[in-house]
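Report on the following structure.
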Amino acid sequence: MKKTIVICGATATGKTEHAVVLGKYFDTAVISADSQLIYKGLNIGTAKPTLAEMENIQHYMIDIIEPNLSFSVAEYTTMAEPIIANIEAQEKPPILCGGTGFYIQSLLFKRSLGTVGRDNQFRKYYQELAKLKGNTYLFEELKKVDIQTAEKLHVNDVNRVIRALEIYALTGKKKSEQVEGFSPKREYIAIAFDYDRDTLYTKINQRVRNMLKLGWIDEVQQLLKQGVMPDMQSMQAIGYKEVISYLSNCIGYNEMLELIQRKTRNYAKRQITFFKKFPNLTWISPNTNIVKKVKELL
RNA sequence: GCCUCGGUAGUUCAGUUGGUAGAGCAAGGGACUGAAAAUCCCUGUGUCGGUGGUUCGAGUCCGCCCCGAGGCA
């Protein structure tokens, strides 16, 4: 079985185009690992590859869900797993490309995610509870049922505290019982581009400016017309809410631009932190010959 | 020219009745097991515009100068 080729790293480092180059060379398909590219209608703002950019290389896990729906890693894994298995069956190396480290992990490592789905009612209830009684109250609730998980979390990490409570409420089992660690599921090589911070930030700033020029604002208007609401998961993608604020005259154009640039920079930094710890990842200089490098690593 | 208000961390500003400074944001570092472009944690020394003075001691009071905003001529 061929090893999976992973192209990951921060946003705006040219992952997409390099994946296409590799796709051509190895005559194989690309599987996107990006939590926002899955949404239909979010194109410019997510830097979704266009048909032209894909250059006839098959791309999976893009445009697979309506923008008014929510999505999660688990669903991602369930959908992507058969695809990747199919490519492997053809004795071709799957190319996994994207900036969502969490999604990449889910395909490379066996993880005890459990079978517990999301319970929106439950989450809403506890979110309200946190607002009314404070984060500490929720945290104490978690301590009562699952002290091990509570010890790993911070009181203010409400999302995770609620998830732990959710698992207990729905299954009667502790989240800490489900942990299995990270045993590898398939062989892979992983590459990320190592830009110095200043260069990366400059690239990000330019890219955001360009997205707006390409019609990002129209795209957002279109989504709003379709009934997509600001609190939906798809609208948590960087920039969309800022464009909405601009459209409703809450902020000016420049403020919107700078806000989006800043948030994207912050995001890139978080991605870098995540990938620093990623096992077996090779950081390469941006002008490295990707094909040569990949062959070398394989 | 006169009057008023400002000039404090990269930035926006706090700084009680004088005891050599502190928040948000930025920036940097980190976490991450069904919201992950999300969520969360840690890190704050800077000629307190300059310069004289009063004082044991001044960002804080007084004089002069420089810069910015506004007002009156």
Side-chain angles (χ1 to χ4, degrees), chain A residues 8-12 15 32-39 42 45-48 65 67 69-79 98-120 122-124 126-127 130 135 138-139 146 148-149 151-167 170-171 174-183 185 197-198 200-201 204 207-208 211 231-243 255 258-278:
Chain A
C8 57
T11 188
K15 297 186 289 290
S32 164
D34 187 297
S35 64
Q36 304 308 315
L37 294 192
I38 56 149
Y39 285 113
L42 310 219
T46 57
K48 187 179 287 172
I65 189 163
L69 299 175
S70 45
F71 195 72
S72 70
V73 225
E75 289 162 86
Y76 174 81
T77 317
T78 340
M79 290 175 83
T100 307
F102 196 28
Y103 284 14
I104 297 173
Q105 272 185 350
S106 78
L107 290 177
L108 299 179
F109 305 101
K110 285 181 197 149
R111 322 182 69 206
S112 170
L113 297 170
T115 48
V116 209
R118 148 190 43 229
D119 183 332
N120 285 326
F122 183 94
R123 291 186 183 189
K124 249 189 193 133
Y126 274 90
Q127 271 157 13
N135 297 169
L138 274 203
F139 197 63
D146 185 355
Q148 288 95 328
T149 301
E151 275 165 358
K152 284 184 188 165
L153 295 176
H154 189 278
V155 204
N156 292 334
D157 202 347
V158 178
N159 280 1
R160 293 203 169 78
V161 172
I162 291 178
R163 159 98 283 233
L165 285 166
E166 183 180 50
I167 290 173
L170 266 46
T171 65
K174 300 175 187 176
K175 178 167 179 287
S176 48
E177 289 174 30
Q178 299 182 329
V179 172
E180 267 180 17
F182 289 80
S183 55
K185 201 195 279 189
R197 207 53 74 84
D198 283 349
L200 178 61
Y201 285 0
I204 287 172
R207 178 149 97 161
V208 172
M211 284 170 168
D231 62 332
M232 289 175 174
Q233 195 179 316
S234 62
M235 287 299 102
Q236 307 318 303
I238 291 166
Y240 285 83
K241 278 196 290 207
E242 285 72 19
V243 173
E255 194 181 346
E258 282 166 24
L259 212 54
I260 298 173
Q261 290 173 326
R262 200 192 77 204
K263 288 198 166 188
T264 311
R265 279 183 256 124
N266 294 163
Y267 168 52
K269 187 163 121 46
R270 269 179 273 134
Q271 287 178 302
I272 292 168
T273 301
F274 189 97
F275 287 115
K276 270 182 195 166
K277 287 282 168 62
F278 204 92

Qualifying residue, where the test is side chain to side chain contact (heavy atoms under 4.5 Å, CB included) with Ser70(A) and the options are Gln236(A), Arg118(A), Met232(A): Arg118(A)
Side-chain donor-acceptor pair present, Thr264(A), Gln261(A), cut-off under 3.5 Å: no
Sugar-phosphate only, base, or nothing, as touched by Gly99(A) at under 4.0 Å among non-hydrogen atoms: sugar-phosphate
Sugar-phosphate only, base, or nothing, as touched by Arg160(A) at under 4.0 Å among non-hydrogen atoms: base
Sugar-phosphate only, base, or nothing, as touched by Phe71(A) at under 4.0 Å among non-hydrogen atoms: sugar-phosphate
Sugar-phosphate only, base, or nothing, as touched by Tyr240(A) at under 4.0 Å among non-hydrogen atoms: nothing
Sugar-phosphate, base or nothing in reach of Lys263(A), heavy atoms under 4.0 Å: nothing
side-chain contact (heavy atoms from CB on, under 4.5 Å) between Leu165(A) and Phe122(A), intermediate numbers included: CA-CA 9 Å; Leu165(A) 285 166; Phe122(A) 183 94; 4.0 Å; yes
Touch class at under 4.0 angstrom, heavy-atom based, for Tyr201(A) against every strand present: sugar-phosphate
5'-to-3' dot-bracket of RNA chain B (Watson-Crick, G-U; under 3.5 angstrom; crossing pairs as [ ]; | other strand): (((((((..((((........)))).(((((.......))))).....(((((.......)))))))))))).
Lys263(A) atom NZ, neighbour heavy-atom count above 12 within 6.0 Å: no
Rounded distance [0.5 Å steps], CD in Gln148(A) versus CD in Glu177(A): 8.0 Å
Sugar-phosphate, base or nothing in reach of Arg262(A), heavy atoms under 4.0 Å: sugar-phosphate
Any donor-acceptor pair under 3.5 Å from Tyr39(A) side chain to Leu69(A) backbone: yes
Length of the CZ-P vector between Arg163(A) and rU33(B), whole Å: 10 Å
Sugar-phosphate only, base, or nothing, as touched by Gln36(A) at under 4.0 Å among non-hydrogen atoms: base
Touch class at under 4.0 angstrom, heavy-atom based, for Glu242(A) against every strand present: nothing
Touch class at under 4.0 angstrom, heavy-atom based, for Ser70(A) against every strand present: nothing
Touch class at under 4.0 angstrom, heavy-atom based, for Asp34(A) against every strand present: base
Whole-Å gap separating P (rG34(B)) and CZ (Phe122(A)): 14 Å
Sugar-phosphate only, base, or nothing, as touched by Arg123(A) at under 4.0 Å among non-hydrogen atoms: base
Nearest atoms (heavy-atom pairs only) where Phe278(A) meets Ile104(A): CZ-CG2, 3.7 Å
Touch class at under 4.0 angstrom, heavy-atom based, for Thr46(A) against every strand present: base
Atom C1', compared across rU20(B) and rA9(B): separation rounded to whole Å: 16 Å
